[in-house]
Amino acid sequence: MINGDDICIVCINPAFANAGVLQKALNCKIVAEKLEFKGFHKVCTKPVGSISNIPEAKHYIFAGSGVLLRIDASKLKGRKSVIISDSHYLEHTEAIDKIIEDNNMEVSCMIDLWDVCKHEKRAYFQPFEQFDVDNTKSDVLTVCHSPSVKVKTNQKGSAQIESVVKRIQDENRVGNLNYMCITDETWSGTIKRKASAQVFVDQLVMKNHYASKGYRGGIGKSGLEGMLLKCLTISSGNPIETDVPAPPYVIANSSGELYMKMCYYLESPNVRSKMIERQFEWARKYTSLENVAKRILQNKSEI
């Protein structure tokens, strides 16, 4: 385990960038603006302090760029790293970019925001421990989507995803087909329910969420969970090149493309199984606590 006595994670809540698990990986201090009902803070190995009283540290890691708008980073002395993983960056790009530049921060970025972020950066994938859940798949083919409260604003294209699944159901393309949309559930509860699905759709971003900034979605925390739970994982997104091999999720950027690809994999169990295994092996490697901890601690010159 890395000695994290000189490191402090600063976040809005421990769900951002999966900061709770990152804290466990680094065994460091962590402060947050608030906790939330999903219970991400329960994985932390140390108490979660408050951003109103940030302790001294040699290395500050801002988990989620939105927290930079809640604090004065210039008052914190030492090395500073930010993880861009949240929609706050889409809402306040210029303001956050200025804070990053003024404080000479090192930048890690989730791939769904890669094209928006113009800084020198490394790819960031949230860390995960092995899930202690029953991964037995449902006897009935099941497509899962877990937008949580974002279902109300359709930020993840939930309405379009449900419409595509209903079309497949109405056409009886694969016999019985179940649709599971998970909202207002704890993290552990979401994982348990998601584990039973054969297919997971992370998001379908079209004109519903920051399309004006070129945002197309991509694999986020939910999508990584889907891969690790051995669900065939689909999401909208742009093919990109980063400093690590791209995650092999199935890309679908329209309702029509989602329909075609979902039908293909639902009707082809052998092909689906091979892709699930490929996705699982990639996710197991690049979301491991050791891998993520090592990358986040790299010096800027090593990016």
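Predicted, not measured: the structure shown is a model, and the values here were computed from it.
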Would you check if there is a donor-acceptor pair between the side chains of Asn13 and His41 at a distance under 3.5 Å?
-> no
Side chains of Asn291 and Leu289: does their closest heavy-atom pair fall under 4.5 Å?
-> no
Cluster membership besides Ile182, Ile/Leu/Val/Met/Phe/Trp/Tyr side chains within less than 4.5 angstrom, sorted by chain and number, is Met180
Say whether Gln126 and Ser85, considering side chains only, have a donor N or O and an acceptor N or O under 3.5 Å apart.
-> no
Residues Lys121, Glu106: salt bridge by 4.0 Å N-O rule | no
Taking side-chain contact (heavy atoms from CB on, under 4.5 Å) as the test, write out the residues that go with Val31, two or more places apart.
-> Cys8, Val10, Ile51, Ile54, Pro55
Given side chains that start at C-beta, do those of Cys28 and Lys46 come closer than 4.5 Å, heavy atoms only?
-> no
Do Ile191 and Phe280 belong together in a cluster built from hydrophobic side chains that touch within less than 4.5 Å?
-> no
Linking I/L/V/M/F/W/Y whenever any side-chain heavy atoms sit under 4.5 Å apart, do Val201 and Tyr265 land together?
-> yes
Are Val21 and Val133 joined in one hydrophobic group, where the rule is that I, L, V, M, F, W and Y side chains link up if heavy atoms are under 4.5 Å apart?
-> yes
Could you pull out the closest heavy-atom pair between Cys231 and Ile276, with the gap in Å?
-> C-CG1, 4.0 Å
Which pair of heavy atoms, one from Ile111 and one from Ile219, lies closest together, and at what distance?
-> CG1-O, 4.1 Å
If you measure from the Lys or Arg side-chain nitrogens to the Asp or Glu carboxylate oxygens, is any gap between Glu56 and Lys77 under 4.0 Å?
-> no
Look at the side chain of Glu33 and the backbone N and O of Cys11, then say whether any donor-acceptor pair between them is shorter than 3.5 Å.
-> no
Asn176 atom CG, neighbour heavy-atom count above 12 within 6.0 Å | no
CG of Asp170: more than 12 outside heavy atoms within 6.0 angstrom?
-> yes
Inter- and intrachain pairs under ring pair (Phe, Tyr, Trp, His ring centres under 6.0 Å), touching residues 54-77, at least two apart | none
Can a donor-acceptor pair be found between the side chains of Gln160 and Asn154 at a distance below 3.5 Å?
-> yes
Inspect the contact between Asp5 and Lys58 and indicate whether a charged nitrogen and a carboxylate oxygen are less than 4.0 angstrom apart.
-> no
His88: ring-ring contact (aromatic ring centres under 6.0 Å, His included) partners, not counting sequence neighbours = Phe16
Where is the tightest heavy-atom contact between Tyr286 and Pro245, given as atom of each residue plus distance?
-> OH-CD, 3.0 Å
So with a 6.0 Å cut-off around NZ of Lys192, is the heavy-atom count from everything else above 12?
-> no
Ion pair check, Glu281 and Arg284, cut-off under 4.0 Å | yes
Before giving the answer on salt bridge (charged side-chain N to carboxylate O under 4.0 Å, His left out), spell out for Glu290 and Lys294 the whole-Å C-alpha distance, their side-chain angles and the decisive distance to 0.1 Å.
-> CA-CA 6 Å; Glu290 295 78 11; Lys294 179 180 178 181; over 6 Å; no
Determine the minimum heavy-atom distance between Ile251 and Gly237, stating which atoms define it.
-> CG2-O, 3.4 Å
Sorted by chain and residue number, the side-chain contact (heavy atoms from CB on, under 4.5 Å) partners of Arg173 (sequence neighbours excluded) come out as Ile168, Glu171, Tyr259, Cys263, Glu267
Using the ring pair (Phe, Tyr, Trp, His ring centres under 6.0 Å) rule, collect all pairs that involve residues 122-146, keeping only residues at least two apart or in two chains.
-> Phe125-Trp282, Phe128-Phe131
For Thr142 against Ala197, the heavy-atom pair lying closest together | O-CB, 3.7 Å
Examine the side chains of Trp114 and Glu241 and answer whether a donor and an acceptor come within less than 3.5 Å of each other.
-> no
If Ile, Leu, Val, Met, Phe, Trp and Tyr residues are connected whenever their side-chain heavy atoms lie under 4.5 Å apart, and connections chain through other members, are Leu177 and Val271 in the same group?
-> yes
Following the transitive rule for hydrophobic clusters with a side-chain heavy-atom cut-off under 4.5 Å over Ile, Leu, Val, Met, Phe, Trp and Tyr, establish whether Leu69 and Val107 coincide in one cluster.
-> yes
Can Glu162 and Lys166 be counted as an ion pair, charged N to O under 4.0 angstrom?
-> no
Asn103 and Lys80 side chains, donor-acceptor separation under 3.5 Å | yes
Side chain of Arg79, backbone of Ile7: donor and acceptor closer than 3.5 Å?
-> no
